[in-house]
Amino acid sequence: MDRHPAQIEPAARHAVPTEFLNFIDGCQVPASGGATVEVIDPSTGEVFTRIQRSGAAEIDDAVRAAQRAFHGAWGKLTATERGRLLSRLAAAILEHQDELSELECRDTGKPMVQARNDIAACARYFEYYGGAADKLHGETIPYAAGTTVLAVRVPHGVTGHIIPWNYPAQIYGRSVAAALAAGNCCVVKPAEDACLTSLRVSQIALDVGFPAGAINVVCGLGSEAGAALSAHPGIAHISFTGSTATGALVAEAAARRHVPVTLELGGKSPQIVFADADMEQAIPTIVNAIIQSAGQTCTAGSRVLIERSAFDAVMARLTERFDALVVGRGQDDRDLGPVINHRQRQKIMGMVDAALADGVKLAARGRLADGAPANGCYVLPTLLAEVDPAHAIAREEIFGPVLVAIAFDDEAQAIEIANGTDYGLTAGVWTRDGARQLRMAHAIEAGQVFVNNYGAGGGIELPFGGMKHSGYGREKAFEGMRGFTTIKTIAIKHG
Ligand code: NAI
Ligand code: MG
């Protein structure tokens, strides 16, 4: 797998501005105090641009702009017209795919192939919700004689979107496209580690005809701009993707204002491999599901549960693959890029080192590409074995390229281990036995269960969200768009 650096040379083909401004009311605006935050390329550890360090004042400007658009130009559009604008934006994102992929690669460190996939997925969200916008129907309800009851779906108004850094363009698309399709106007607070594609796509939206104020993007630190957004009285719904701790803070702030939230908070998703599984399919999928985005994926398959009779054989195949994995700069398109920053790198290494100190076995580790910059945020992909399912490394989210392998004896034990964490986002089941596929799928506590396939980050058409500490509310699919509406009941007595 030691492929050679791809065609794209380090000097990106599209020049990156030295500073990015906020995007409010269709204008590029600096933060009022003039403060900025340095943006680091995780592949090199070097600062390559700056974003605005905004706070309550900029959030307030953005909310007001969104309110004006909601009661003005955006609110006056029919659902069909909204859908057409979303479709136009989908096409424009693909026209800008090279530029946007380079930005995403630089900002997050992810390999170019993955950055390109993420931009395509962002476009796909706008395509999907562009088509769905005028297909969101209300209901009529039989009620008292001489009375007609309408249950009408209405948008919340101005929605807040707190986006993480692991899939910035995808999660922007997932949340903003669904909210806009349902008729809302948006204030987006991307993560300070990766704001650039949110800013750029929002500018492209204006360029293709979106009214000013329909989408606003305010950059800054989570504790400042993010907290101000969660607390703003003009925000009628918040969708948040990120850590469980920050999710609780956002939900608390929203609860004080009695505003609904959708929380997507990560997981510790199991890949459950029975001895009868098709290993040709299972093994590469399992490896990919933990190295994609360097393991910084909410749905990363971060535990592999293996039936004991097949344990050694499966581990031999996984070990062979892990040993061959190469980590390098995003633009060199190796198997993995760096993680997002040095803090994340230290967190991951700290968890792995603590597990090794506790006697967990290091089964395999990939290597760093020759010439990888010394100050890049690199973590070697790591396969751990002989892991006690009760150990922290088997229960807590690592958010890095670390796979822990655990043996099980039978279905009941597999279910017990699979459900033995606080999380419940996604699971993979690998078996040819049809009845077992269904028994497992029903028994596993997770928002999504994949059988003989796995969908880390994919499946725009599939309702997605967590159980337990993985969060609540559903995104993607029609369900995601419904979440950005509420029902107004209109009862008319006409005799
Ligand atoms: P975080 O949850 O703090 O950041 C996510 C977003 O929340 C960012 O946009 C951030 O600016 C914002 N934010 C931070 N504090 C806020 C506050 N007080 N009010 C409102 N918004 C706030 O996550 P962080 O610190 O970047 O990463 C730590 C861990 O979180 C990771 O190691 C990983 O385990 C988890 N995580 C999970 C993600 C997922 O996809 N489920 C995505 C990102 C992080
Ligand atoms: Mg960055």
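Hydrogens, waters and symmetry mates play no part in the numbers below; they use all other heavy atoms, side chains included. As the structure is a prediction and not an experimental result, all values here were calculated from the model. Just so you know, ligand 1 is whichever comes first in the structure, and atom 1 is the first atom listed for that ligand.
Of the charged side-chain nitrogens involved, none lies within less than 4.0 Å of a carboxylate oxygen, so that E397 and K347 do not count as a salt-bridged pair. Taking a cutoff of 4.0 Å between a charged side-chain nitrogen and a carboxylate oxygen, R329 and D41 do not qualify as a salt bridge. For the pair R53 and E192, the salt-bridge criterion is not met [side-chain N within less than 4.0 Å of a carboxylate O]. Between E461 and R124, at least one side-chain nitrogen of the basic residue sits less than 4.0 Å from a carboxylate oxygen of the acidic one, meeting the salt-bridge criterion. Checked for salt-bridge contact, R256 and E252 meet the test: a charged N lies under 4.0 Å from a carboxylate O.
For the pair K476 and Y129, the cation-pi criterion (under 6.0 Å, within 45° of the ring axis) is not fulfilled.
Residue T241 has no N or O atom closer than 3.5 Å to an N or O atom of ligand 1. Between D193 and ligand 1, not a single N/O pair is under 3.5 Å apart. Taking any N or O of I163, backbone or side chain, at least one lies under 3.5 Å from an N or O belonging to ligand 1. Of the polar atoms of G266, at least one N or O is found under 3.5 Å from an N or O of ligand 1, judged by distance alone.
Other residues, nucleotides and ligands contribute only 12 or fewer heavy atoms inside 6.0 Å of the CZ atom of R64.
Considering F23, W74, F126 as possible partners of F210, the one that fulfils the ring-ring contact (aromatic ring centres under 6.0 Å, His included) test is W74.
Considering only non-hydrogen protein atoms, atom 12 (C) of ligand 1 sits nearest to I162 CG2, 3.7 Å. For atom 26 (O) of ligand 1, the closest heavy atom belonging to the protein is W165 NE1, 2.6 Å. Of all protein heavy atoms, the one lying nearest to atom 23 (O) of ligand 1 is S243 OG, 3.9 Å. The protein non-hydrogen atom at the shortest distance from atom 40 (O) of ligand 1 is N166 ND2, 3.1 Å. For atom 44 (C) of ligand 1, the closest non-hydrogen atom of the protein is F399 CE2, 3.8 Å. In terms of protein heavy atoms, atom 13 (N) of ligand 1 is closest to G222 CA, 3.4 Å. Among protein heavy atoms, atom 22 (C) of ligand 1 sits closest to T246 CG2, 3.4 Å.
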Q: With ring pair (Phe, Tyr, Trp, His ring centres under 6.0 Å) as the test, would you mind laying out the steps for Y172 and H161 before giving the verdict?
A: CA-CA 8 Å; Y172 170 100; H161 305 260; 8.3 Å; no
Q. Run the side chain to side chain contact (heavy atoms under 4.5 Å, CB included) check on H232 and D60 step by step: do they pass?
A. CA-CA 7 Å; H232 197 287; D60 191 53; 2.6 Å; yes
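By heavy-atom distance, the residue among E192, E397, H161, M351 lying nearest atom 11 (O) of ligand 1 is E192. One option in A194, G226, G160, A253 has a heavy atom closer to atom 21 (N) of ligand 1 than any other, and that option is G226.
Under 4.0 Å from ligand 1, the heavy atoms of K347 that appear belong solely to its side chain. By the criterion of a heavy-atom distance under 4.0 Å, neither the backbone nor the side chain of I171 is placed next to ligand 1. Looking at L265 against ligand 1, only its backbone comes within 4.0 Å, counting heavy atoms. Residue contacts with ligand 1, taken as heavy atom pairs separated by less than 4.0 Å, do not involve Y167 at all. Only side-chain heavy atoms of S230 come within less than 4.0 Å of ligand 1; its backbone N, CA, C and O stay farther off.
For ligand 1, the atoms closer than 4.0 angstrom to any heavy atom of P164 are 42 (C), 43 (C). For ligand 1, the atoms sitting less than 4.0 Å from at least one non-hydrogen atom of Q344 are 31 (C), 32 (O), numbered in the order shown with element in parentheses. The ligand atoms of ligand 1 that sit less than 4.0 angstrom from a heavy atom of E264 are 41 (N). Residue F240 approaches ligand 1 through these ligand atoms, each under 4.0 Å from one of its heavy atoms: 2 (O), 6 (C), 7 (O). Counting atoms of ligand 1 from 1 in the listed order, those under 4.0 Å from a heavy atom of L249 are 18 (N). In summary, the atoms of ligand 1 found under 4.0 Å from a heavy atom of V250, numbered by their order in the structure, are 20 (C). Contact atoms of ligand 1 toward K189: 9 (O), 10 (C), 11 (O) (distance under 4.0 Å to a heavy atom of the residue). Of all atoms in ligand 1, listed by their number and element, those nearer than 4.0 Å to a heavy atom of A191 are 8 (C), 9 (O).
In this pair, W165 and F399 present their aromatic rings perpendicular. The plane angle is above 60°, beyond the 30 to 60° band. Aromatic ring pairs are classed by plane angle as parallel below 30°, tilted from 30° to 60° and perpendicular above 60°; the pair F478 and Y128 is perpendicular.
When all heavy atoms are compared, the tightest approach of I291 to D335 is CD1-O, 4.0 Å. Of all non-hydrogen atoms in N375 and H342, the two that sit nearest each other are O-NE2, 2.9 Å.
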Report, one line per pair, each donor and acceptor closer than 3.5 Å where one atom sits in a side chain of residues 29-40; sequence neighbours left out.
| residue | atom | partner | partner atom | Å |
| --- | --- | --- | --- | --- |
| S32 | OG | E58 | OE2 | 2.7 |
| T36 | OG1 | R50 | NE | 2.9 |
| T36 | OG1 | R50 | NH2 | 3.4 |

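Of the protein's heavy atoms, none falls inside 4.0 Å of atom 4 (O) of ligand 1.
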